[in-house]
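I have placed the structure first, in the form of structure tokens, so that the comments after it can refer back to it.
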2 protein chains.
Amino acid sequence: MSIRLVIADDQALVRGALAALLGLEPDIEVVAELGDGTGVADAVVEFSADVAMLDVEMPGLDGISAAAAVRKAAPSCRVLMVTTFGRPGYLKRAMQAGASGFVVKDTPARQLAEAVRRVHRGLRVVDPALAAESLTSGDSPLTEREAQVLRAASDGGTVADIAKAAMLSEGTVRNYLSAAMAKTGGRTRAEAVRLAEDNGWLL
Amino acid sequence: MSIRLVIADDQALVRGALAALLGLEPDIEVVAELGDGTGVADAVVEFSADVAMLDVEMPGLDGISAAAAVRKAAPSCRVLMVTTFGRPGYLKRAMQAGASGFVVKDTPARQLAEAVRRVHRGLRVVDPALAAESLTSGDSPLTEREAQVLRAASDGGTVADIAKAAMLSEGTVRNYLSAAMAKTGGRTRAEAVRLAEDNGWLL
DNA sequence: CATCCTGGATGACAAATGTCATGAGCGCCT
DNA sequence: AGGCGCTCATGACATTTGTCATCCAGGATG
């Protein structure tokens with residue numbers, strides 16, 4: 001009885017390659033490949049998948065939200081997150097969303113099939129280095145608004161732009177930016193954005 | 001007589017998966033896998049490879065420089081660039097560095113093996129959409145110094161930080177930033193950085 | 001030699017940004 | 001009820017940015 005696997009990753013080449021790699025395993029069967037997060041839960045139900053392998057960064061519905069959707073729609077299906085960036089915050093959020101495993105894209109390929117099997121067996125799979133880092137770099141200190149303002153600031157617009165996007169007064173935006181800079185330790189707006197992104201605090 | 005292929009990509013999972021995918025093809029043989037650009041030229045010579053598949057974004061030596069190194073060390077070996085980001089500037093630079101093909105990571109997986117074969121046959125392979133975009137968005141308008149200052153600015157430091165990194169006076173840095181903003185069309189420093197990055201003007 | 005051009009620097013000025021204190025409204029917790 | 005934290009807002013202020021004119025040293029070029 002082989003493991004029925006659904007794969008979601010926005011890069012077609014990577015997605016296809018992962019499918020090919022895992023399809024070689026005798027005990028794994030890739031039953032669906034998706035390019036974004038929106039259809040994952042449906043696909044899991046439709047193909048009665050055992051494991052869903054999700055990328056965190058995806059257009060449309062992001063991987064963490066997709067993980068939550070899968071857990072809700074099919075509680076028996078385990079979720080394994082695969083991501084490019086080892087952002088500490090991602091790990092924690094993914095776990096809270098019900099994921100069973102979390103691996104970074106630069107772990108050896110051999111371990112991937114094994115990770116799928118462990119997750120399927122009900123075990124948890126976490127990159128040890130990342131787990132340690134995740135513990136030291138606690139939860140996001142940012143409030144929802146602060147994160148939202150930082151996101152709006154991340155493409156380099158002026159305070160006026162951000163204010164318009166967030167429907168706030170300019171003064172308020174500067175206050176939130178100031179608070180965010182204090183909490184992240186950044187000395188400029190741009191640095192704060194970078195630090196928050198690196199920690200996975202912007203979702 | 002199968003095609004001897006070298007693969008370089010910094011994400012181990014992707015690298016392994018690509019190797020597995022292409023290794024399935026009867027006429028392709030993966031003879032080496034590298035995690036960065038530094039050893040690529042040597043590997044190509046050592047294994048007398050026919051085609052080198054290189055990621056643009058890599059630690060150490062970047063893919064474009066690696067491509068040039070390969071062409072120099074083994075002119076008979078063709079280079080196929082594979083990248084996550086479809087930056088117009090990357091394409092042009094890669095071609096100038098002697099690459100024969102350029103594909104984005106979200107092209108269908110089926111086409112990859114075909115791209116390798118075409119490149120091996122001496123043909124050029126270029127994503128048509130990207131080629132068009134590349135033509136419209138001419139060369140980088142930035143001078144070397146402007147690009148350097150933008151790079152130094154890209155992690156969000158203050159003018160003082162940039163000045164120290166670039167060994168320039170603060171006033172000069174602001175002049176270059178101002179010029180770069182005018183040329184990129186950005187209205188803030190951060191926006192200029194983003195625009196230049198999106199166009200592949202920062203290497 | 002005179003001249004032009006380029007990279008780098010300076011100084012001044014207006015606008016944008018970062019900081020702080022302050023206040024009001026709201027929900028949540030004890 | 002009272003206190004606490006988050007949200008949103010003002011206003012004032014010191015810095016930092018972005019803009020511009022200008023200047024200077026040194027190649028290149030005539």
Side-chain angles (χ1 to χ4, degrees), chain A residues 64-65 89 92-93 96-97 137-203, chain B residues 89 138-199 201-203:
Chain A
I64 305 224
S65 308
K92 184 164 302 188
R93 305 270 295 282
Q96 283 165 354
S137 90
D139 271 334
S140 170
L142 300 173
T143 158
E144 178 50 34
R145 273 287 191 258
E146 286 158 358
Q148 177 190 350
V149 169
L150 273 191
R151 267 191 296 275
S154 67
D155 50 4
T158 68
V159 170
D161 296 338
I162 303 171
K164 205 174 305 174
M167 306 247 297
L168 290 173
S169 119
E170 299 195 11
T172 306
V173 167
R174 288 195 283 164
N175 285 340
Y176 282 133
L177 284 176
S178 192
M181 286 161 58
K183 289 180 181 176
T184 56
R187 286 168 312 150
T188 69
R189 179 190 317 194
E191 200 172 12
V193 168
R194 201 175 55 74
L195 290 168
E197 266 178 356
D198 286 353
N199 280 312
W201 290 340
L202 297 189
L203 154 55
Chain B
D139 273 334
S140 169
L142 301 172
T143 95
E144 179 47 38
R145 274 286 194 246
E146 286 158 1
Q148 177 190 352
V149 168
L150 274 192
R151 267 192 295 276
S154 67
D155 51 2
T158 67
V159 171
D161 296 336
I162 303 170
K164 205 173 306 172
M167 307 247 296
L168 290 173
S169 118
E170 301 196 9
T172 306
V173 167
R174 289 195 284 164
N175 286 339
Y176 281 130
L177 284 175
S178 191
M181 285 161 58
K183 288 180 181 177
T184 56
R187 287 168 312 151
T188 69
R189 178 190 316 195
E191 201 172 12
V193 168
R194 200 175 55 74
L195 290 168
E197 268 178 355
D198 286 352
N199 280 313
W201 291 339
L202 298 189
L203 158 63

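This one's a predicted model, so the numbers in the text were calculated from it and none came from an experiment. Just so it is clear: chains get the letters A, B, ... in the order the sequence lines come, proteins before strands, and each one is counted from 1.
- One atom, CG of A:Leu142, and another, P of D:dT7, lie 11 Å apart when rounded to the nearest Å.
- Listed by first and then second residue, the side-chain hydrogen bond (donor to acceptor under 3.5 Å, both in side chains) pairs that reach into residues 174-184 of chain A are A:Glu146-A:Lys183, sequence neighbours excluded.
- For A:Ser169, the side chain to side chain donor-acceptor pair (under 3.5 Å) test picks out A:Thr172, with sequence neighbours left out.
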Where along nucleotides 9-28 of chain D does protein come under 4.0 Å, by heavy atom, of base (B) or sugar-phosphate alone (S), with - for untouched nucleotides? BB------BBBB--------
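- Listed by chain and number, the residues in a side-chain contact (heavy atoms from CB on, under 4.5 Å) with B:Asp198 are B:Arg87, B:Arg194 (sequence neighbours excluded).
- Rounded to an integer number of Å, the gap from CD of B:Glu144 to P of C:dG7 is 11 Å.
- For the OP1/OP2 pair of C:dG7 and a distance below 4.0 Å, the side-chain nitrogens and oxygens of B:Arg145 include no atom meeting the criterion.
- A:Glu146 places its CD atom 13 Å from the P atom of C:dT19, with the value rounded to the nearest Å.
- Every residue meeting the side-chain contact (heavy atoms from CB on, under 4.5 Å) condition with B:Ala166, not counting sequence neighbours, appears here in chain and number order: B:Gln148, B:Leu168.
- B:Tyr176 places its OH atom 12 Å from the P atom of C:dT6, with the value rounded to the nearest Å.
- When the side chain to side chain donor-acceptor pair (under 3.5 Å) test is applied to B:Ser154, no partner is found at least two apart in sequence or on another chain.
- Atoms CG and CG, from A:Asp161 and A:Asp155 in turn, are 8.0 Å apart once rounded to the nearest 0.5 Å.
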